[in-house]
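Right, one structure below, let's go through it.
This one's a predicted model, so the numbers in the text were calculated from it and none came from an experiment.
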Amino acid sequence: MGANASNYPHSCSPRVGGNSQAQQTFIGTSSYSQQGYGCESKLYSLDHGHEKPQDKKKRTSGLATLKKKFIKRRKSNRSADHAKQMRELLSGWDVRDVNALVEEYEGTSALKELSLQASLARPEARTLQKDMADLYEYKYCTDVDLIFQETCFPVHRAILAARCPFFKTLLSSSPEYGAEIIMDINTAGIDMPMFSALLHYLYTGEFGMEDSRFQNVDILVQLSEEFGTPNSLDVDMRGLFDYMCYYDVVLSFSSDSELVEAFGANQNCLDEELKAHKAVISARSPFFRNLLQRRIRTGEEITDRTLRTPTRIILDESIIPKKYAKVILHCMYTDVVDLSVLHCSPSVGSLSEVQALVAGRPNMTRAEEAMELYHIALFLEFNMLAQDADASPADTSIAAL
């Protein structure tokens, strides 16, 4: 519309007017920059009157060849030639070795798929945090009462002492069972619901209520100054397992005296006691929880409290071998199944090992130990241990492949 066509460099229309031999076509080469080749956009003025057909054909074919080279290079950079690498790797292999490798790959793939499907099919296992939340809510095996604003909070001495320096000092001054301790908190603005949320946090590592006051930095700073800053729940529970402060239950194992005498094993080794906390084992295992509650109903618990002695639980080693006891307790406190514990003390015997020697059976493999531990976990109704133990043989096989 009155504008000169020469002002539009990408126009393929010839200029209007002027000498016909001087007519030119302006060709834009910005397409190279659009394809990412890094070339700058340029304008070339090609005189139609002096261009030879063979020159035009040569230039076109040259551009096409350059384009193919760029495309080929881009494809080669995008993905490696895995087939070529495999051919180079297997070029010197025997056919039987290649076939064995293929079978291992197929077996590994099938095992991974089976493990995935099994994980999806099984119900979700309760974690340490969820079981600790139930422990605080339902008050299993409490041993001390905190009185705050005329409200009683039954709690567990070992849990609070392991999680909070303030309670560790406070509870040490009242060591008797069932002690009532009146709480005197200096931090302003702490009412009964907030104190309950604070206890819930010590049990689970998270606040159990939505309260805007917990978003107040000043209150949190004052609480940390008065109560101290706890570690993560995993760290403190691992410390509780390692040091067993305030333990109130011991696990003993029955043994066959005839087998002991025949093999000269030490009775103390076979009947070795393991320390634990009623709160933890009752929270993680319905089997232990029902057992301890039955002792309370029958009055046996009152005797232990009067004598201030830990409750003794005797387990049949033919059902729960002693060598698995530390693995079970370790998982209860940490949610981790560590089968290496089974082989850390080879000098310590157990009834199951003696029975294996009598029967002439060789030492169990790691997969066999995991499967036996799986059945023990089902007996104890400890789902976290059952699922982790069930996954252990698959993980071991995959790692070996």
Side-chain angles (χ1 to χ4, degrees), residues 126 128 131-132 134-135 138-144 154 156-159 162 177-178 237 240-257 260 265-335 337 341-342 345 348-355 372-386 389:
R126 294 186 60 83
L128 173 64
D131 284 336
M132 293 295 288
D134 283 351
L135 178 65
Y138 298 110
K139 316 298 182 185
Y140 308 133
C141 304
T142 58
D143 54 5
V144 65
H156 304 86
R157 182 187 305 271
I159 303 297
Y177 178 87
M237 291 301 292
L240 187 61
F241 172 76
D242 290 336
Y243 299 104
M244 285 296 166
C245 299
Y246 297 112
Y247 74 93
D248 52 7
V249 64
V250 292
L251 303 180
S252 300
F253 300 85
S254 62
S255 59
D256 191 328
S257 58
V260 172
N266 189 338
Q267 180 71 34
N268 293 330
C269 290
L270 290 175
D271 292 339
E272 180 186 8
E273 296 178 344
L274 296 177
K275 302 173 183 178
H277 299 88
K278 296 177 186 177
V280 177
I281 64 175
S282 62
R284 304 310 308 272
S285 168
F287 170 83
F288 284 118
R289 181 163 63 246
N290 295 333
L291 179 62
L292 292 171
Q293 289 178 347
R294 185 168 64 249
R295 290 178 58 88
I296 295 175
R297 290 193 299 267
T298 58
E300 296 177 78
E301 189 72 14
I302 298 178
T303 303
D304 295 334
R305 295 174 183 176
T306 303
L307 298 176
R308 296 184 180 181
T309 58
T311 298
R312 184 181 303 277
I313 298 178
I314 301 177
L315 302 174
D316 187 351
E317 198 177 359
S318 63
I319 299 176
I320 305 177
K322 185 193 64 179
K323 71 174 186 176
Y324 296 115
K326 287 188 177 180
V327 180
I328 296 171
L329 289 179
H330 182 269
C331 185
M332 286 184 173
Y333 283 78
T334 64
D335 269 356
V337 177
V341 177
L342 297 176
S345 300
V348 178
S350 69
L351 176 61
S352 61
E353 294 172 347
V354 173
Q355 291 173 337
E372 187 171 9
L373 187 61
Y374 167 76
H375 291 290
I376 295 173
L378 294 181
F379 177 80
L380 297 177
E381 302 177 71
F382 186 14
N383 291 335
M384 177 60 70
L385 175 62

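Every residue two or more places apart in sequence or in another chain that forms a ring pair (Phe, Tyr, Trp, His ring centres under 6.0 Å) with Phe379 is listed here: Phe287. For Arg284, the salt bridge (charged side-chain N to carboxylate O under 4.0 Å, His left out) test picks out Asp131, Asp335, with sequence neighbours left out. For the salt bridge (charged side-chain N to carboxylate O under 4.0 Å, His left out) test, residues two or more places apart in sequence or in another chain that qualify with Glu300 are Arg295. Residues satisfying the ring pair (Phe, Tyr, Trp, His ring centres under 6.0 Å) criterion with Tyr243, sequence neighbours excluded, are absent altogether. Every residue two or more places apart in sequence or in another chain was checked for a salt bridge (charged side-chain N to carboxylate O under 4.0 Å, His left out) with Arg294, and none qualifies. Residues satisfying the ring pair (Phe, Tyr, Trp, His ring centres under 6.0 Å) test with Tyr140, not counting sequence neighbours, are none.
Aromatic pair His330/Phe241: centroids less than 6.0 angstrom apart.
His277 places a side-chain N or O within donor-acceptor distance of the main-chain N or O of Cys245, the cut-off being under 3.5 Å.
Counting heavy atoms from C-beta on, the side chains of Ile281 and Cys141 never come closer than 4.5 Å. A heavy-atom distance below 4.5 Å is found between the side chains of Gln293 and Asn290. Residues Val280 and Leu329 form no side-chain contact, since every pair of their non-hydrogen atoms from C-beta on lies 4.5 Å or further apart. Between Thr309 and Thr303, the closest side-chain pair of non-hydrogen atoms is not below 4.5 Å.
Nearest approach of Ala325 to Phe253, heavy atoms of both residues: CB-CZ, 3.4 Å. When every heavy atom of Leu274 is checked against every heavy atom of Lys326, the shortest pair comes out as CD2-CE, 3.9 Å. Closest heavy-atom contact between Ala158 and Leu240: O-CD1, 4.0 Å. Counting all heavy atoms, side chain and backbone alike, Met332 lies closest to Leu128 at O-CD1, 3.6 Å. Summarising the geometry of Pro286 relative to Glu381, their closest heavy-atom pair is CD-O, 3.2 Å, with the distance given to 0.1 Å. Considering every non-hydrogen atom in both Pro310 and Val250, the closest pair reads CB-CG1, 4.4 Å.
Note: Ser252 OG to Glu317 CD = 11.5 Å, rounded to the nearest 0.5 Å. Here the CD1-CG distance, from Ile313 to Leu292, works out to 4.5 Å after rounding to the nearest 0.5 Å. The distance from atom CZ of Phe288 to atom CD1 of Ile328, rounded to the nearest 0.5 Å, is 7.0 Å. Separation of atoms CG (Leu378) and CG (Asn383) is listed at 8.0 Å; rounding is to 0.5 Å. The structure places OG1 of Thr306 at 10.0 Å from CD of Glu301, a figure rounded to the nearest 0.5 Å.
Among Asp248, Thr142, Thr311, the single residue meeting the side-chain hydrogen bond (donor to acceptor under 3.5 Å, both in side chains) criterion with Lys278 is Thr311.
Inspection of the Arg157 and Tyr246 side chains reveals no N or O donor paired with an N or O acceptor under 3.5 Å.
For Ile302, the CD1 atom sits in a loose shell: 12 or fewer heavy atoms of surrounding residues, nucleotides or ligands are nearer than 6.0 Å.
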